[in-house]
**Q** 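Below is the structure I would like to discuss, written out as structure tokens.
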2 protein chains.
Amino acid sequence: MKEGPDIARVAALIGDPARANMLTALMAGKALTATELAGVAGITPQTATSHLARLVDGGLAITRKQGRHKYLALADDQIAGTLESLMGLAARIGHSRTRTGPKDAAMREALVCYNHLAGAMGTRMFDSMVGHGLLEQSGEALRLTDAGARAAAALGIDVAALSRGRAPVCRSCLDWSERRTHLAGSLGRALLARFEAEGWARRDPASRAVRFSPDGRRRFDALFPA
Amino acid sequence: MKEGPDIARVAALIGDPARANMLTALMAGKALTATELAGVAGITPQTATSHLARLVDGGLAITRKQGRHKYLALADDQIAGTLESLMGLAARIGHSRTRTGPKDAAMREALVCYNHLAGAMGTRMFDSMVGHGLLEQSGEALRLTDAGARAAAALGIDVAALSRGRAPVCRSCLDWSERRTHLAGSLGRALLARFEAEGWARRDPASRAVRFSPDGRRRFDALFPA
DNA sequence: CGAATGTTTCGGTGAACATCGAAGCATGAA
DNA sequence: TTCATGCTTCGATGTTCACCGAAACATTCG
């Protein structure tokens, strides 16, 4: 009964407001410095140091030193998935902070989950790709079809390079606000990167929201029809 | 940035060893009394009282009074899903307790996730049903096919009654040990109940393990071929 | 009705933990 | 080389929280 994974330890690491805020900020997928994270959490740099040490020791974050700057990132994209699950649960049982504002609507629409698109547009993209035969599901396995590979290549994505990498090309990731799946994996990452490179979408530097331009939205809708 | 679901609160509720142990025990899906949960967590009844009050106030557990007995259960099966996600993460980043023992192997094979079958047999059942056209996936949507409905009826499951209920008939649930999907929803629950009613499988009262008899295992394998 | 059992309340204790001011160390730029 | 900035260490503080003994309340059974 008392064997197996120690969820209390992991949950306790997430269960501090300052640490939770920093982990949430890292969900946007961009590495942040210790000082930036201290700002995000509203604490002093010395307090951040001790919190970040715990996250790193606990395996939730990794560090990279660059001169006097120390960058931190989530250790693994599964952590984003678990944080999403906690968000979904917190939303469901009514644990929210502050009143909803304009940013909430934007984040329901499109946001970054670690390195790929989430929110309504993320799940719509996934459903469209499955419905139009670009992605194929067999049990849990998620595979890019030939048609999907062609479509990705047409977007300028080097599918062969993705396949050669260690990360899975396609992985499903549960979206907390939609309670549906969005596309993770190296393809999910590459797609978001393309949307940004093409100027269709921009990341909001102050949150995880992704803003599509009107033109970008039109192109997205054309590419991923319902 | 500081808006939206308060994951710190939820995680802090899970992040106490006593409470985590109690939540894990409730994942087996059976309602337990306050005194039983105190035993599971290795604490006194008065300490359990205060912990359980926090779980109930926090929306993670519900209570039902029966004379002098107070029964508790997880408030929602999504909680089991989130706990599974935390288990997967804890296992992945190396937060484990005590050495693995025989029970671990049994639990990897077949175990209860709230009210449905999980573990290797749970994910195998899901994959088989999808691969043989009993379940159909379209994006996140998971639907029982006509062939699936017939197979379930042949097992003695009242599919029409399931469909009339409020709960989804089929829902996918991520399995932490397998990193694959097993079947939740009212069909998942009904299937596990049938396996038990037919004598194919028995729940281990001291853990979440499900023990299949040799005959039950043979029948399961025949029903859900690879 | 008295005894047994399940659960809760009350009050107190000690440990853990988040926090920050002060100071120090490391790095980069002028 | 000096100054500025990022980060860490040290030491102390106050709060929170898990815990339990004792007692009380609620229910059940003989």
**Q** Please report, rounded to the nearest Å, how far the P atom of D:dC17 is from the CG atom of B:Asp57.
**A** 13 Å
**Q** I want to confirm an ordering. Mapping B:Thr33 and A:Ser50 to their closest nucleotides on DNA chain C, which one lands closer to the 5' end?
**A**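 Looking at DNA chain C, the more 5' nearest nucleotide goes with B:Thr33.
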**Q** Take the protein atom CG of B:Leu52 and the nucleotide atom P of D:dC17, then report the distance between them rounded to whole Å.
**A**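 To the nearest whole Å, that distance equals 17 Å.
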**Q** Report the residue (B:Thr35 or A:Ile43) whose heavy-atom-nearest nucleotide on DNA chain C is the more 5′ of the two.
**A** B:Thr35
**Q** Using a 4.0 Å cut-off on protein heavy atoms (strictly under), produce a 5'-to-3' string for nucleotides 23-30 of chain D with B for base contact, S for backbone-only sugar-phosphate contact, and - for none.
**A** ----BB--
**Q** Could you pull out the closest heavy-atom pair between B:Leu72 and B:Thr33, with the gap in Å?
**A** CD1-C, 4.5 Å
**Q** Could you state the interatomic distance from OG1 (A:Thr82) to CG (B:Leu83), rounded to the nearest 0.5 Å?
**A** 11.0 Å
**Q** A:Leu32 has an atom CG; how far is it from atom P of D:dC7, in whole Å?
**A**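 Whole-Å distance recorded here is 11 Å.
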**Q** Would you kindly give the CZ-to-C1' distance between B:Arg9 and D:dT16, to the nearest whole Å?
**A**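 These atoms are roughly 15 Å apart.
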**Q** Has the side chain of B:Arg194 got a donor or acceptor atom that lies under 3.5 Å from a matching backbone atom of B:Leu155?
**A** yes
**Q** Out of D:dG6, D:dA18, C:dT7, which has the shortest distance to the side chain of B:Arg54?
**A** D:dA18
**Q** Atom CD1 of B:Ile14 and atom C1' of D:dC17: how far apart are they, to the nearest Å?
**A** 18 Å
**Q** Under the 3.5 angstrom rule, does the side chain of B:Arg203 hit a backbone N or O of B:Val112 as a donor-acceptor pair?
**A** no
**Q** To the nearest Å, how far apart are A:Leu37 CG and D:dT8 C1'?
**A** 16 Å
**Q** How many angstroms lie between CD1 in A:Ile79 and CE in A:Met27, if you round to the nearest 0.5 Å?
**A**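 With rounding to 0.5 Å, CD1 (A:Ile79) is 11.0 Å from CE (A:Met27).
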**Q** If I take atom CG in residue B:Leu55 and atom P in nucleotide C:dT8, what distance separates them, rounded to the nearest angstrom?
**A** 13 Å
**Q** On the nucleotide C:dC17, are OP1 or OP2 found under 4.0 Å from the side-chain N or O atoms that A:His51 carries?
**A**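 No.
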**Q** Compare side-chain N and O positions of A:Thr47 against OP1 and OP2 of C:dC20 and report whether any pair is under 4.0 Å apart.
**A**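 For C:dC20, OP1/OP2 do have a side-chain N/O of A:Thr47 under 4.0 Å.
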**Q** Within the 4.5 Å heavy-atom criterion, are A:Ile14 and A:Val10 side-chain neighbours or not?
**A** yes
**Q** Has A:Thr44 got a side-chain N or O lying under 4.0 Å from the OP1 or OP2 atom of C:dC20?
**A** yes
**Q** Please work out whether the ring planes of B:His182 and B:His116 are parallel, tilted or perpendicular, with thresholds of 30° and 60°.
**A**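 Aromatic pair B:His182/B:His116 classed tilted.
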**Q** To the nearest Å, give me how far apart CG (B:Asp16) and P (C:dA15) are.
**A**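 In whole Å, C:dA15 P lies 17 Å from B:Asp16 CG.
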**Q** Given D:dT8, is OP1 or OP2 found less than 4.0 Å from the side-chain N or O atoms of A:Thr49?
**A**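 Yes, A:Thr49 has a side-chain N/O under 4.0 Å of OP1/OP2 on D:dT8.
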